[in-house]
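Only one structure is covered here, and it is reproduced in the block below.
Order of appearance sets the numbers: ligands from 1, and atoms from 1 within every ligand.
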Amino acid sequence: MSTTIAAPPLAVGSAQSDASGIVTVPGVPSHVAIIMDGNGRWAKSRGLPRIAGHREGSRAVRRTVEAAIGYGVSWLTIYAFSSENWRRPAGEIHDLTGLLRRYLRSEIAELKQSGVRLRFIGDRTRFDADIQKDLAVAERDTVANSRLNLTIALSYGSRDEIAAAARAAIAAVNAGSLKADDLGEEAFAGFLATAGMPDPDLVIRTSGEQRLSNFLLWQAAYAELVFLDVLWPDFEDCHFSAALQEFSRRERRFGARKD
Ligand code: IPE
Ligand code: IPE
Ligand code: MG
């Protein structure tokens, strides 16, 4: 069942700051994660090359970041490129990395200005050296920002991330800095790429597909999932608002009982 679209603007309460300093707005999820899917279908339906869909998708990213700030979302994590997307034809990979390069060069100054802190998760070593450098610079230049924590998953795969965390935990045990018995859920999460970030409350996937495609498998254990029929390049404020409203109607129990 996919959630339908078009909804009135979301009514939200005033912002509060919790003990950890995280700003929350009542009714609005603190952390929204988005699987931005459907660029190819968007282009195909218009008789355009896939790159046109990816380009339009990057405009949707800009709109979404602005909307997230407007709604008082503190953490936004977007899935831009999966570890499995390297299986795509070389031409599409080339187009996507070119778009990423341009996005980094054109958007960072504005994101910095808007109070956005950027992080990247995923295997960045698979990108060209100049892109790796731009990623590091973007993270460094926005480190003091806290209005919106924007994390972009690039060459990211959750299974790969969990295996890397297991290796890092084993290395810590072997080095004597961690006792195996102390490796609980919290300690293990500290070895993931998302260490220090709250878990997503809401995961949105566009394009009508209803799967996680190796995205935040550990972190989304109790996230609410909302699947939208809209293709990512067409994602607008009204779709974001509809997903937030759907979230606000869900009852989260975390395995406990409410009665
Ligand atoms: C999402 O759009 C972007 C990436 C995965 C890089 P797709 O390229 O997957 O678009 P569809 O699913 O083929 O329509
Ligand atoms: C998931 O979309 C990855 C991103 C949106 C970056 P895909 O289009 O790669 O996922 P599948 O192949 O349909 O599962
Ligand atoms: Mg897809």
Side-chain angles (χ1 to χ4, degrees), residues 2-3 5 31-65 67-68 75-104 106-107 118-128 131 134-135 138 150-162 192-194 197 200 202-220 223 225-236 239-240 243:
S2 298
T3 306
I5 309 157
H31 186 172
V32 177
I34 306 182
I35 302 171
M36 309 183 292
D37 197 16
N39 296 351
R41 278 163 282 175
W42 185 93
K44 194 172 176 203
S45 71
R46 285 164 176 76
L48 297 170
R50 293 179 67 89
I51 180 65
H54 294 312
R55 209 178 293 125
E56 202 58 34
S58 74
R59 295 195 183 103
V61 169
R62 189 181 312 160
R63 290 196 293 275
T64 304
V65 168
W75 297 80
L76 178 68
T77 300
I78 54 176
Y79 203 8
F81 192 86
S82 75
S83 44
E84 290 74 28
N85 287 147
W86 292 109
R87 296 175 185 155
R88 294 196 179 190
E92 185 171 0
I93 303 281
H94 180 265
D95 287 346
L96 281 166
T97 50
L99 194 59
L100 172 62
R101 195 175 268 117
R102 283 196 296 283
Y103 178 84
L104 290 169
S106 66
E107 301 290 311
L118 266 159
R119 291 178 179 82
F120 301 96
I121 54 173
D123 182 5
R124 61 182 81 183
T125 65
R126 296 190 69 175
F127 292 103
D128 291 343
I131 291 182
D134 288 347
L135 297 176
L150 174 63
T151 302
I152 306 182
L154 288 171
S155 187
Y156 172 87
S158 203
R159 287 184 167 183
D160 189 38
E161 176 193 30
I162 292 168
L192 295 171
T194 51
M197 291 169 53
L202 168 64
V203 175
I204 301 169
R205 183 173 186 146
T206 60
S207 89
E209 308 296 353
Q210 303 192 3
R211 55 179 169 265
L212 291 175
S213 300
N214 206 9
F215 188 47
L216 302 178
L217 300 183
W218 171 285
Q219 299 87 341
L225 309 180
V226 170
F227 301 104
L228 300 172
D229 282 333
V230 64
L231 300 173
W232 176 250
D234 290 328
F235 189 80
E236 299 274 355
H239 307 107
F240 203 164

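For the ligand labelled ligand 2, residue Arg205 lies inside the 4.0 Å heavy-atom shell. Under a 4.0 angstrom heavy-atom cut-off, Ala80 registers as being in contact with ligand 1. Ligand 2 lies nowhere less than 4.0 angstrom from a heavy atom belonging to Glu209. For Gly38, the closest heavy-atom approach to ligand 1 falls below 4.0 Å. A heavy-atom separation below 4.0 Å is found between Arg88 and ligand 1.
Nearest protein heavy-atom contact of atom 9 (O) of ligand 2 is Asn85 ND2, 2.9 Å.
Shown in contact with Arg41 at under 4.0 Å from a heavy atom are these atoms of ligand 1, numbered in order with element: 11 (P), 12 (O), 14 (O). In the vicinity of Asp37, heavy-atom distances shorter than 4.0 Å reach the ligand 1 atoms 1 (C), 2 (O), 7 (P), 9 (O), 10 (O), 11 (P), 12 (O).
Only backbone heavy atoms of Phe81 (N, CA, C or O) come within less than 4.0 Å of ligand 2; its side chain stays farther off. The side chain of Arg50, and not its backbone, has at least one atom closer than 4.0 Å to an atom of ligand 1 (non-hydrogen atoms only; side chain from C-beta on).
The residue from Trp86, Tyr103, Phe120, Phe215 that alone fulfils the ring-ring contact (aromatic ring centres under 6.0 Å, His included) condition with Phe81 is Trp86.
Shortest distance from the Mg ion (ligand 3) to Asp37 is reached at OD1 (N/O/S atoms only).
Remark: side-chain polar atoms of Asp95 are not paired, donor with acceptor, to backbone N or O of Glu92 under 3.5 angstrom.
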**Step-by-step side chain to side chain donor-acceptor pair (under 3.5 Å) determination, Ser213 to Arg205** = CA-CA 10 Å; Ser213 300; Arg205 183 173 186 146; 2.8 Å; yes
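Residues Leu216 and Pro200 come closest through the heavy atom pair CD1-CG, 4.0 Å. Closest non-hydrogen pair, Asn214 versus Glu84, comes out as ND2-OE2, 3.0 Å. Contact between Thr77 and Met197 at its shortest, heavy atoms only, is OG1-CE, 3.7 Å.
Under the 4.0 angstrom criterion, atom 12 (O) of ligand 2 counts as lacking any protein heavy-atom contact.
The pair Arg46-Glu56 does not meet the salt-bridge criterion, since no charged nitrogen lies less than 4.0 angstrom from a carboxylate oxygen.
Within 6.0 Å of atom CZ in Arg124, more than 12 heavy atoms from other residues, nucleotides or ligands are found, so the atom counts as buried in its surroundings.
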